[in-house]
Amino acid sequence: MKQSQLFTKTRKEAPADEVSKNAQLLIRAGFLHKEMAGVYSYLPFGLRVMKKIEEIIREEMNSIGGVEMKTSVLQNKEIWEKSNRWDDTIVDNWFKTSLKNGTEIGLSFTNEEAYSNILKQYIHSYKDLPVYPYDFKDIFRNETRSKSGIMRGREFFWKALYSFSKDEAQHNDFYEKSKVAYKNIFERVGIGSLTHITFASGGTFSRFSHEFQAITEAGEDIIYVDEKSGMAVNKEVYTDEVLSELGLDKEKLVEKKAIEVGNIFTLGTKFSEPFDLSYTDEDGKNKHVFMGSYGIGLGRLMGSIVEILSDDKGIVWPETVAPFQIHLVSLCTEESDVKKADEIYESLQKQNKEVLYDDRQGVRAGEKFADSDLIGIPLRVIISPKTLVSDSVEVKKRNEKEAKIISISELLK
Ligand code: ATP
Ligand code: MG
């Protein structure tokens with residue numbers, strides 16, 4: 001992509017009301033546009049990062065048997081009444097609206113009801129189980145507080161998978177596999193070493209759930225980490241009884257601020273009962289399906305990566321989720337040099353490299369470097385008349401201090 005063709009520009013200042021580091025940097029670097037508190041539009045760079053994260057999650061979900069689908073955002077009141085989650089005194093963050101004829105409808109704040117209702121049509125026998133449908137979707141929650149940028153949106157994009165199993169044993173088997181897939185996801189997006197599997201409240205569904213908590217000062221949760229095993233406990237369930245049940249040595253736990261980037265839940269028959277989602281087992285008996293849910297907020301994950309991996313100059317994207325792999329910065333002004341720079345860009349394009357080409361004229365070198373640091377692409381390649389005379393370019397990694405000179409032929413190799 002040529003920067004001269006891009007409509008976004010970097011900005012010196014984020015909106016005055018934006019207090020979170022993730023949104024400040026992402027807005028200044030041109031990844032996001034703030035619509036209102038807790039609501040952001042994704043600009044071209046932001047969308048590219050989101051799609052990278054989405055693809056990593058998709059690969060990991062598919063590898064444990066996930067089957068992708070897409071549920072609707074507009075939701076039928078009657079379905080949510082079955083599980084008693086339509087009532088605003090029970091669920092306080094619904095966005096609701098109505099049809100022209102007055103019928104009330106809601107905008108999805110989660111997906112259990114939609115999935116239970118759909119899967120009921122297809123699950124009849126033990127032979128139909130287990131199944132693991134999932135989707136990527138915009139979710140709407142009327143959050144009271146929305147000061148964490150894209151880590152807590154009122155509209156946000158997530159992945160939710162639901163497991164439908166015959167019984168607890170079949171469920172546990174998948175639950176353990178999902179932990180491995182989640183671990184892979186957080187490692188692949190570059191925050192694996194700071195993300196801890198954490199015992200958390202099971203809500204009204206089960207004794208515990210597991211959260212994946214990434215350590216950052218921007219986090220909204222307090223967790224206690226056992227640095228040896230990597231396991232953690234959320235403060236909300238932290239008691240002596242729980243610790244001994246987790247075989248964790250209290251003496252050794254370290255208190256940290258963290259953000260929940262994903263979670264996995266055992267739902268049991270909490271939803272299959274009200275939806276009468278049942279099957280006939282091997283002995284001809286009717287049984288309720290045993291369910292689990294597995295969520296990840298993609299915006300929250302992107303915001304966490306920015307919080308954790310930025311420095312005083314800007315964002316430092318890991319290669320796996322960076323909007324581009326190479327930032328090709330041209331300092332050329334003479335026609336013959338510009339032509340050579342264009343040729344390098346075209347050669348890299350032909351090799352299917354993801355290149356952002358700063359071909360802007362009339363922008364000072366210092367300004368181009370500052371923009372490049374702010375945007376945070378892993379590798380910067382500078383084409384200047386100085387090095388072009390010896391058919392070379394300067395290359396520098398975003399996360400390293402030293403630059404080096406390499407020949408153009410080496411670059412294109
Ligand atoms: P939290 O405890 O942070 O409020 P939650 O437990 O309500 O989140 P879930 O309903 O289980 O979250 O949603 C699954 C995932 O979606 C979370 O692990 C998180 O990554 C993400 N998520 C939840 N709420 C938001 C939000 N308001 N903005 C962005 N991502 C969110
Ligand atoms: Mg939570």
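In listed order, ligands and their atoms are each counted from 1.
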For this session: For Tyr126 and Asp283, run side chain to side chain donor-acceptor pair (under 3.5 Å): C-alpha distance rounded to whole Å, both residues' side-chain angles, the deciding distance at 0.1 Å, then the answer.
Result: CA-CA 10 Å; Tyr126 68 94; Asp283 303 323; over 6 Å; no
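- Comment: Lys228 does not engage Asp249 in a salt bridge, judged by the lack of any side-chain N to carboxylate O separation of less than 4.0 angstrom.
- In this structure, the protein non-hydrogen atom closest to atom 1 (P) of ligand 1 is Arg152 NH2, 3.6 Å.
- Contact between Thr110 and ligand 1 is absent, with no heavy atom of the residue lying under 4.0 Å from the ligand.
- A heavy-atom separation below 4.0 Å is not found between Glu220 and ligand 1.
- Under the rule for a side-chain contact (heavy atoms from CB on, under 4.5 Å), the partners of Lys137 that lie at least two apart in sequence or sit in another chain are Thr71, Val73, Gln75, Ser108, Asn111, Asp135, Ile139, Trp158.
- The shell of residues lying under 4.0 angstrom from ligand 1, judged by heavy atoms, includes Gly153.
- Nearest to atom 12 (O) of ligand 1 by heavy-atom distance, out of Glu143, Lys159, Glu260, Glu211, is Glu260.
- Proximity of the aromatic rings of Phe212 and His196 is defined here by a centroid distance below 6.0 angstrom, and this criterion is not met.
- At least one test fails for Arg154 against the ring of Phe95: distance under 6.0 Å to the centre or angle within 45° of the axis.
- Among protein atoms, those of element N, O or S found less than 2.8 Å away from the Mg ion (ligand 2) are Glu260 OE1.
- The distance between the ring centers of Trp317 and Phe45 does not fall below 6.0 angstrom.
- Of the heavy atoms in Val261, only backbone atoms (N, CA, C, O) come closer than 4.0 Å to ligand 1.
- Taking distance alone, with nitrogen or oxygen atoms compared against 3.5 Å, Phe156 stays at or beyond that limit from ligand 1.
- Ligand-side atoms of ligand 1 in range of Gly297: 15 (C), 16 (O), 19 (C), 20 (O), 21 (C), range being under 4.0 angstrom from any heavy atom.
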Problem set entry | Evaluation steps, salt bridge (Lys or Arg N to Asp or Glu O under 4.0 Å), between Arg380 and Asp373 | CA-CA 9 Å; Arg380 183 195 298 173; Asp373 280 335; 2.5 Å; yes
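- In terms of protein heavy atoms, atom 19 (C) of ligand 1 is closest to Arg300 NH1, 3.6 Å.
- Selection from Glu112, Arg141, Glu236 by nearest heavy atom to atom 10 (O) of ligand 1 gives Arg141.
- Within ligand 1, counting atoms from 1 as listed, the ones closer than 4.0 Å to a heavy atom of Trp158 are 13 (O), 14 (C), 16 (O).
- Salt-bridge formation is detected for the pair Arg188/Glu60: a Lys NZ or Arg NE/NH1/NH2 atom is positioned less than 4.0 Å from an Asp or Glu carboxylate oxygen.
- For atom 11 (O) of ligand 1, the closest heavy atom belonging to the protein is Asn263 ND2, 2.6 Å.
- The pair Asp281-Lys166 does not count as a salt bridge, with every side-chain nitrogen at least 4.0 angstrom from each carboxylate oxygen.
- A salt bridge links Glu245 with Arg207: the distance from a Lys NZ or Arg NE/NH1/NH2 to an Asp or Glu carboxylate oxygen falls below 4.0 Å.
- Ring pair Tyr115/Tyr162 is tilted by interplanar angle, where 30° to 60° counts as tilted.
- Contact of the Ile296 side chain with the Val261 side chain is not registered, since no non-hydrogen atoms from C-beta on lie closer than 4.5 Å.
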